[in-house]
Amino acid sequence: MGKPGAGARRGGTKHGRGKACAKPEWFGTQDWLLRGIAFVVLGLAVAVGYGMFVAHLFENDRFFSALATHERQMSFKSEQALYFSYFKDMNRAFKNNRSFIGGLLEGLKHLAEDSTTEFPEHINLLRRFNIYPEVGLSIAFQLFQGVAGTMGWTTKQCFQVSRQEPLPPITTCHGWGDETYFYVNSVFALQGLFAFSLFTLCWLVSGQSLLGGLFGIACGLFNLRSLTRAMWAPPLREHFGFPFLAVQLCVLTVVLRNRKPGMRLKVAMGVATFLFLVPWQFSPFALLTQAASLFATFLLGYVSKVQLCAIIYPQLMAVLASVALHFGNVFLLTSPYTSFLIASILTLELLSVFPTLQSRPWTSRMLLGTALVILTALLKLGGAWALGLSDDSHIFEILKSKFVANHFDFHARLYTCSPEFDFLPASEFWELSVILLLPIACAAGLIIIFKVLLDEVESFGTQQDDWTIGSRGHSDAVYFLLQTVCYLVMAALIMRLKGFFTLGLIVLASTFCNRRAMWRIVGGKPSCEDTGETMTQQESRARSVHLALIVVIFAVMLPTGIQRVNKELAVMGEFNDQPLDDLMEFVGTTPTDASFTSTMPVTSAIRCVGERNIVNHPHYEDAGIRQRTVDLYTVYTTWPDKDVWQRINKWNADFVVLDRRWCMARRSPGCAMDEILALQFRNQTSDRDTFCQRWIDGQSKSKYFVKVHSNHVFTVLKRKTT
């Protein structure tokens with residue numbers, strides 16, 4: 001008996017007269033040169049258009065081009081201003097040195113021995129913070145200026161802007177030659193990279209369909225507020241990290257589609273993961289969900305051990321490289337993500353020690369899953385205990401407060417009282433449903449679940465030689481379904497993370513555009529495009545129905561999508577914060593070595609705009625700064641002046657800036673500052689005014705403090721040395 005020929009394949013022409021499957025079409029042509037050109041042209045157009053669109057929304061939001069330099073910096077709120085201040089520090093170091101290398105070394109030394117962020121202590125900012133984006137951008141800025149100077153380019157234009165009374169006119173500049181513009185435009189360029197990567201990712205999961213790529217980009221534009229905040233807060237770490245997550249997901253998809261990933265793919269996986277880890281302190285938690293989803297996909301038999309190792313090992317190398325770059329950052333080294341990667345490697349070794357598990361899928365899944373969870377917990381808890389670390393304890397307290405009623409501490413409450421860290425409201429699901437993104441993603445998810453259940457039923461009770469080879473198809477679709485579920489949990493608990501969930505929905509919705517995968521999953525057999533045979537009339541009808549369905553869905557989405565885009569374009573604002581401007585003028589009159597404490601957003605502005613020492617800041621991933629914040633926030637307690645003075649004096653703060661909005665505000669039950677501090681200090685009494693209320697309402701001096709400046713928002717006290 002000879003080998004089965006073409007006539008023995010399923011989906012041949014025996015069902016009737018067929019037509020060639022390789023029919024030329026714009027979105028499915030087999031002319032790879034034409035498809036490649038179309039992909040590059042469309043991808044670049046999407047990247048440029050998306051980046052310019054986000055930049056335009058940013059300009060509309062605050063009229064950035066007409067602001068003075070210090071006003072632009074003031075418009076960066078909280079940690080945004082803190083991060084931008086380090087970009088300024090690096091640029092200042094370059095200006096103070098004639099040589100490029102000398103300026104770079106001086107800037108890095110200053111960041112590694114900084115005493116202005118947690119005055120008077122010296123800390124290594126490169127180790128504690130994720131500020132390598134600012135280092136990289138400062139280097140790029142110097143190179144750009146050097147090239148522009150050599151070529152004689154005009155890099156910025158300056159003009160005078162009249163302002164409302166009593167503010168005097170100011171001279172402002174815009175263009176890539178202005179350091180503030182260079183910074184924000186670089187962020188918008190990264191958003192272009194994100195758009196190109198999202199287009200590529202949707203192109204991949206939709207079966208290399210340009211229609212699928214464009215469909216994904218359209219979903220992103222129509223749900224822009226759920227996907228990104230770059231048009232409102234460019235310096236946030238997520239806007240440096242998210243583009244590289246999209247790049248990493250593209251590499252991951254290619255790895256899942258290769259039975260034996262080569263060295264280039266492994267290197268690409270490691271580099272992309274490294275670039276995602278470096279700029280964002282939250283990236284290890286996002287990658288933890290990725291590693292868990294991948295391991296679950298492996299246990300289900302869709303990913304082989306070879307493929308899983310080709311992902312895990314490069315990611316572990318990326319973690320170690322990031323730890324080294326951050327001078328041994330223990331926050332990353334002892335993160336659950338690092339523990340999970342090591343535990344995964346150890347768990348996979350059980351398959352080598354006990355080879356009989358490879359032929360017993362149900363037994364081995366239970367054993368490997370249990371071992372993985374236990375090893376991860378032991379490595380995480382053991383590592384933190386051995387090093388005596390609790391830097392990420394506040395994160396677990398935040399999560400605990402989500403599940404345990406009335407469980408709050410000071411640090412968790414500071415987060416959860418902010419809307420960004422509250423639960424995802426039901427209105428978000430409605431917004432995603434109106435535009436059809438959520439229903440389409442759910443439909444694709446149900447089809448994938450049907451595929452998984454069908455595979456499980458077919459394999460139940462059958463003997464398998466080795467289930468770890470990952471012989472089941474559509475591994476990328478199964479992975480993205482599990483990953484999106486993880487993203488849903490993240491977003492539901494913390495609204496700020498809804499961008500992950502929206503990204504997952506977009507990718508799932510794009511898999512719906514993959515007619516080959518949908519035909520195989522629903523029809524239970526390969527299409528002629530997979531077998532190389534001719535297209536039967538049944539397959540041709542299915543293809544036409546699928547294409548028509550996509551067109552109808554897009555037509556239904558389009559009116560609402562255009563309405564949302566026009567609504568974004570119609571937003572016109574102008575930044576104006578006269579009380580903060582007045583405060584910065586006063587800060588400029590103080591000695592250059594003066595130190596300030598206030599709310600975390602205000603201290604960030606003082607360091608960035610006023611260029612003075614600050615005692616506390618918003619980068620909260622350190623146990624020491626959290627304890628310092630507790631002491632300094634006693635200005636919102638009902639304590640007497642003497643007790644507050646002792647805490648302020650402990651941290652050597654010369655000036656205390658009281659913010660009326662924080663002192664008097666009653667945002668929601670349990671979220672007033674005195675109520676939050678009552679969780680930390682049990683000797684709070686509600687029948688007395690708080691320290692800040694006493695001074696804002698009229699007290700001008702005491703034995704311990706003296707009022708030196710005030711406006712209708714801020715009151716500045718000078719600490720006496722008594």
Side-chain angles (χ1 to χ4, degrees), residues 68-70 72-73 76 80-158 171-190 193 234-235 237 240 244 271 274-275 277-279 321-329 588 592-593 604 607-614 617 619:
T69 299
H70 75 281
R72 292 172 180 170
Q73 296 170 14
F76 298 147
Q80 302 175 56
L82 187 67
Y83 292 128
F84 183 79
S85 70
Y86 303 130
F87 177 67
K88 290 177 58 179
D89 289 349
M90 286 294 299
N91 290 338
R92 188 180 302 110
F94 280 112
K95 291 178 182 178
N96 294 336
N97 282 267
R98 295 182 178 179
S99 68
F100 177 84
I101 300 298
L104 177 61
L105 294 178
E106 180 182 327
L108 292 176
K109 181 180 179 182
H110 175 78
L111 296 179
E113 300 175 355
D114 179 81
S115 63
T116 63
T117 305
E118 289 183 14
F119 182 84
E121 296 182 6
H122 288 73
I123 61 173
N124 187 343
L125 297 173
L126 297 172
R127 180 176 183 268
R128 283 271 301 277
F129 297 177
N130 298 76
I131 58 172
Y132 277 103
E134 281 66 32
V135 174
L137 287 181
S138 66
I139 294 173
F141 185 56
Q142 302 307 315
L143 294 175
F144 170 77
Q145 287 188 313
V147 173
T150 302
M151 303 298 294
W153 297 341
T154 300
T155 59
K156 63 180 179 180
Q157 295 179 340
C158 300
T171 299
T172 185
C173 303
H174 66 85
W176 284 86
D178 179 80
E179 67 175 0
T180 316
Y181 253 94
F182 184 91
Y183 186 91
V184 297
N185 283 339
S186 298
V187 176
F188 300 143
L190 280 176
L193 172 63
R237 301 299 86 183
F240 291 97
F244 295 109
V271 171
F274 173 77
L275 292 175
L277 282 169
V278 168
S322 181
V323 169
L325 188 66
H326 288 94
F327 295 84
N329 186 309
T592 56
D593 60 348
S604 297
R607 193 197 188 282
C608 181
V609 183
E611 299 181 352
R612 294 297 188 269
N613 302 317
I614 59 175
H617 56 79
H619 200 279

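- Note that the CZ atom of F129 and the CG atom of N329 stand 11.0 Å from one another [nearest 0.5 Å].
- In this structure, H326 and V278 have side chains that are in contact, with non-hydrogen atoms separated by less than 4.5 Å.
- Taken from CG in N130 to OG in S322, the straight-line distance is 7.5 Å, to the nearest 0.5 Å.
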Test side chain to side chain contact (heavy atoms under 4.5 Å, CB included) on N185 and F188 and set out the steps. CA-CA 5 Å; N185 283 339; F188 300 143; 3.8 Å; yes
Side-chain atoms of residues 91-102: list all donor-acceptor pairs with protein atoms under 3.5 Å, sequence neighbours left out, distances to 0.1 Å.
| residue | atom | partner | partner atom | Å |
| --- | --- | --- | --- | --- |
| N91 | OD1 | Q142 | NE2 | 3.2 |
| N91 | ND2 | F87 | O | 3.4 |
| N91 | ND2 | E179 | OE1 | 2.8 |
| R92 | NH1 | D89 | OD1 | 2.9 |
| R92 | NH2 | E611 | OE2 | 3.0 |
| N96 | ND2 | R92 | O | 3.2 |
| N97 | ND2 | A93 | O | 3.0 |
| N97 | ND2 | E106 | OE1 | 2.2 |
| S99 | OG | G102 | N | 3.0 |

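- Closest approach of Y132 to F327, counting heavy atoms only: OH-CE1, 3.7 Å.
- We find the CG-CG distance between L108 and L126 to be 6.0 Å, quoted to the nearest 0.5 Å.
- F244 is listed as a side-chain neighbour of L190, based on a closest heavy-atom distance under 4.5 Å.
- Aromatic ring orientation, F144 versus F182: tilted (interplanar angle from 30° to 60°).
- Scored by the side chain to side chain donor-acceptor pair (under 3.5 Å) test, T172 finds R72 as partners (sequence neighbours excluded).
- When all heavy atoms are compared, the tightest approach of L325 to F274 is CD2-CZ, 3.8 Å.
- Classification of R237 and E134 as a salt-bridged pair holds, one side-chain N sitting under 4.0 Å from a carboxylate O.
- The distance from atom CZ of F84 to atom CG of L137, rounded to the nearest 0.5 Å, is 10.0 Å.
- Just one residue in the list H619, H122, R607 forms a side-chain contact (heavy atoms from CB on, under 4.5 Å) with T117, and that residue is R607.
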Test side chain to side chain contact (heavy atoms under 4.5 Å, CB included) applied to V187 and F240, step by step: CA-CA 7 Å; V187 176; F240 291 97; 3.7 Å; yes
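- The closest donor-acceptor contact from the side chain of Y181 to the backbone of K156 lies at 3.5 Å or more, if one exists at all.
- Smallest separation of non-hydrogen atoms from S85 and C608: CB-CA, 3.7 Å.
- Electrostatic pairing of D114 and R128 does not count as a salt bridge here, judged by no charged N lying under 4.0 Å from a carboxylate O.
- The line from OG1 of T116 to CZ of R612 is 11.5 Å long, rounded to the nearest 0.5 Å.
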CA sep, side-chain torsions, deciding dist, call: M90, L104, side chain to side chain contact (heavy atoms under 4.5 Å, CB included): CA-CA 7 Å; M90 286 294 299; L104 177 61; 4.0 Å; yes
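- Taken to the nearest 0.5 Å, the OG atom of S604 stands 9.0 Å off from the OH atom of Y83.
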